[in-house]
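Below, all heavy atoms of this structure are taken into account, side chains as well, without hydrogens, waters or symmetry copies. When a residue number appears, it is its place in the shown sequence, counting from 1.
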Amino acid sequence: MRFGSLSRRAVARLVGVAAIVGVIATIAFVGGGSAKPQAKYVLGVSNTLVGNGWREEMICSVKAQAKASGVVSKVIIANRNGGPAEQIADIRNLISAGANAIIINPSSGNALNAVIAQAAARGIKVVSVDQRVTAPQAHNVTNDQVAYGRLGAAWLFKKMGGKGNVVEMRGIAGVPADTDRHTGFNQALKKYPGIKVVKSTFMGWNFATAGKQMLDILNSGVQVDGVWNSGADYTVISAFKTAGKPLVPIVGADNNEFLHQMLVKYPTLKAAAVTNPATIGGAGAAVAIKLLQGQKVQSWVKLTPLVWSMPGSKSEIKANYSPKRAPTYSARLQIKPWTTYSTAQLTACKGP
């Protein structure tokens, strides 16, 4: 009888223990299944071109990706006009501010190498977007800027019939993207000996400056048969209209108003938009976060630019143009698979 009684009590205890274990396991499962990632990283951003719509969208995409990730607690922006000296000071300030990763749009390809090394020595991840840097500690996330210059120029020279006078409108002297695009432009130029560059300007990626430069060239009496523009484009077409000159083949970027001109205003215009998405900032943020999480990412994430022209690319242009966006807004809102934010998060331009 005692043996049987003890067995029943033992069984009861075992059942009770099993029930408790089951409850604990259930709580652990539910808690684990619903737990949100901890927002623990601080991202820094260094930008040295203010008042440029493309750069503003770039910064917004960093904020949007940081918010969408759920693991970033704060984004610190160092935003002012300047060159390498100012950017070095800004990066040092971001280091002191406690940034875990710093996303830069560099003012020089190599002048920032020492400060990038300083950041890396403290365990800070550095990601250069839009333009490349040569620092071995940094990751680069850029458009293929040499291809950008080459593809657009080759399209233009072909549309010009391989001969005539072209105006090359460059960005900012000495910065990596301008140097690379000029290299690509010259690669294409070598294949078209009948093309002559009659004017080469630096318009600073400023739309008003580009328009004024083009108007001055046209009013000077110089014969212009084609225009290669490094991204401040729609005001150039406006300059032709103001000068009363017939439109010529022109290459620009995938800016909203330039797409509008191609799609709606002047659908027979010989024009091409070479893609250069400002949302490269969001892709850079995604790379930075992956690196902070211990994931491996290739040292250079390089996008291949596309060339959109009418009528062959009408569907792409129509899909990317929006009358609701600003004229200078870069058309491509996502860079897959890197960016994961919503359109609302991008346009809100608010970080975590």
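Under the 4.5 Å side-chain heavy-atom criterion for Ile, Leu, Val, Met, Phe, Trp and Tyr, V222 and L215 are members of distinct hydrophobic clusters. L49 and I59 fall into different hydrophobic clusters, where Ile, Leu, Val, Met, Phe, Trp and Tyr are joined by side-chain heavy atoms under 4.5 Å apart, directly or via other members. Cluster annotation: V274 and Y192 are assigned to the same hydrophobic cluster (Ile/Leu/Val/Met/Phe/Trp/Tyr, side-chain heavy-atom contacts under 4.5 Å, transitive). Linking Ile, Leu, Val, Met, Phe, Trp and Tyr residues whenever their side-chain heavy atoms come within less than 4.5 Å places L259 and I237 in a single cluster. In this structure, I335 is a member of the same hydrophobic cluster as V141, with clusters built from ILVMFWY side-chain heavy atoms closer than 4.5 Å.
Judged as a side-chain contact (heavy atoms from CB on, under 4.5 Å), and not counting sequence neighbours, the contacts of A286 are Q65, W338. Taking the ring-ring contact (aromatic ring centres under 6.0 Å, His included) definition, one finds that H260 meets it with Y321, sequence neighbours left out. The side-chain contact (heavy atoms from CB on, under 4.5 Å) check on S238 picks up Q261, with sequence neighbours excluded.
For the 3.5 Å distance criterion, the side chains of N186 and H182 qualify, holding a donor opposite an acceptor. Side chain to side chain, S299 and N140 fail the donor-acceptor criterion of an N or O pair below 3.5 Å.
Listed by first and then second residue, the side-chain hydrogen bond (donor to acceptor under 3.5 Å, both in side chains) pairs involving residues 323-332 amount to none (not counting sequence neighbours). Judged as a side-chain hydrogen bond (donor to acceptor under 3.5 Å, both in side chains), the pairs with a partner in residues 245-256 (not counting sequence neighbours) are, in order, D233-N255. The side-chain hydrogen bond (donor to acceptor under 3.5 Å, both in side chains) pairs that include a residue from residues 148-161 are R150-Q187, where partners are two or more places apart or lie in different chains. Pairs engaging residues 255-279 under the salt bridge (Lys or Arg N to Asp or Glu O under 4.0 Å) rule: E257-K265 [sequence neighbours left out]. Within the structure, the disulfide bond (SG atoms under 2.5 Å apart) test picks out the following pairs touching residues 302-352 (sequence neighbours left out): C60-C349. For residues 263-309, no residue pair satisfies the disulfide bond (SG atoms under 2.5 Å apart) rule, not counting sequence neighbours.
Using a 4.5 Å heavy-atom threshold, the side chains of V62 and I103 count as touching. With a 4.5 Å cut-off on side-chain heavy atoms, D90 and N79 do not count as touching. Using a 4.5 Å cut-off on side-chain heavy atoms (C-beta onward), D178 and I172 make no contact. Contact check for L333 versus E57: side-chain heavy atoms found under the 4.5 Å cut-off. The side-chain heavy atoms of V129 and T142, taken from C-beta on, include no pair separated by under 4.5 Å. Put simply, the side chain of R80 does not reach to within 4.5 Å of the side chain of N47, judged on heavy atoms. Counting only heavy atoms from C-beta outward, the side chains of N110 and S108 approach each other to under 4.5 Å. Put simply, the side chain of K350 does not reach to within 4.5 Å of the side chain of K63, judged on heavy atoms.
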Taking distance alone, no hydrogens or angles, what donor-acceptor pairs closer than 3.5 Å link side-chain atoms of residues 301-320 to residues at least two apart or in another chain?
residue	atom	partner	partner atom	Å
S313	OG	S309	N	3.2
S313	OG	S309	O	3.4
N320	ND2	E316	O	2.7

Counting only pairs under 3.5 Å, give me each side-chain donor-acceptor contact of residues 198-213, with atom names and distances, residues two or more places apart or in other chains.
residue	atom	partner	partner atom	Å
S200	OG	E168	OE1	3.3
T201	OG1	Q213	OE1	2.9
W205	NE1	S230	O	2.7
W205	NE1	S230	OG	3.3
N206	OD1	A208	N	3.0
N206	OD1	T209	N	2.9
N206	OD1	T209	OG1	3.2
K212	NZ	D216	OD2	3.0
Q213	NE2	F202	O	3.0

From CA spacing to verdict: ring pair (Phe, Tyr, Trp, His ring centres under 6.0 Å), F258, Y234: CA-CA 5 Å; F258 189 56; Y234 69 88; 8.5 Å; no
side-chain contact (heavy atoms from CB on, under 4.5 Å) evaluation trace for V127 with L291: CA-CA 10 Å; V127 179; L291 292 172; 4.3 Å; yes
Using the rule given for side-chain contact (heavy atoms from CB on, under 4.5 Å), can you reason through I289 versus V72, listing the C-alpha separation, both sets of side-chain angles and the distance that settles it, and then say yes or no? CA-CA 8 Å; I289 292 166; V72 176; 3.8 Å; yes
In sequence, state the C-alpha distance, the side-chain angles, and the governing distance for N113 and T134, and then conclude on side chain to side chain donor-acceptor pair (under 3.5 Å). CA-CA 7 Å; N113 286 7; T134 57; 3.0 Å; yes
D225 vs V248, test: side-chain contact (heavy atoms from CB on, under 4.5 Å). Steps then yes/no. CA-CA 6 Å; D225 302 307; V248 299; 5.5 Å; no
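Atom CE of M58 and atom CG of N52 lie 9.0 Å apart (nearest 0.5 Å). How far NZ of K125 is from CD of Q293: 12.0 Å, rounded to the nearest 0.5 Å. In this structure, OG1 on T340 lies 8.0 Å from CD on Q345, to the nearest 0.5 angstrom. Here the OH atom belonging to Y41 is positioned 5.5 Å from the CG atom belonging to L292, to the nearest 0.5 angstrom. Rounded to the nearest 0.5 angstrom, D130 CG and N276 CG are separated by 6.0 Å. Note that OG of S61 and CD of Q334 are 9.5 Å apart. Values are rounded to the nearest 0.5 Å.
Between D180 and R132 there is a salt bridge, with a side-chain nitrogen of the basic residue lying less than 4.0 Å from a carboxylate oxygen of the acidic one.
Annotation for A239 and M214: closest pair CB-CB, 3.8 Å, computed over non-hydrogen atoms. Taking all atoms of both residues into account, the shortest heavy-atom contact from G164 to M160 is C-CE, 3.8 Å. Taking all atoms of both residues into account, the shortest heavy-atom contact from P352 to V75 is CD-CG2, 3.9 Å. When all heavy atoms of W54 and P277 are compared, the pair lying nearest together is CZ2-O, 3.4 Å. Residues L156 and P249 share a closest heavy-atom pair of CD1-O, 3.5 Å. The heavy-atom pair separating S107 from T48 by the smallest distance is CB-OG1, 3.8 Å.
Connectivity analysis of hydrophobic side chains (ILVMFWY, heavy atoms under 4.5 Å, direct or indirect) links I88 to V42, I76, I91, L94, I95, I102, I104, L112, V115, I116, I124, V126, V133.
Within a 6.0 Å sphere centred on NZ of K190, other residues, nucleotides and ligands contribute 12 heavy atoms or fewer.
Of the possible polar contacts, none joining the T339 side chain to the Y341 backbone as a donor-acceptor pair under 3.5 Å is found.
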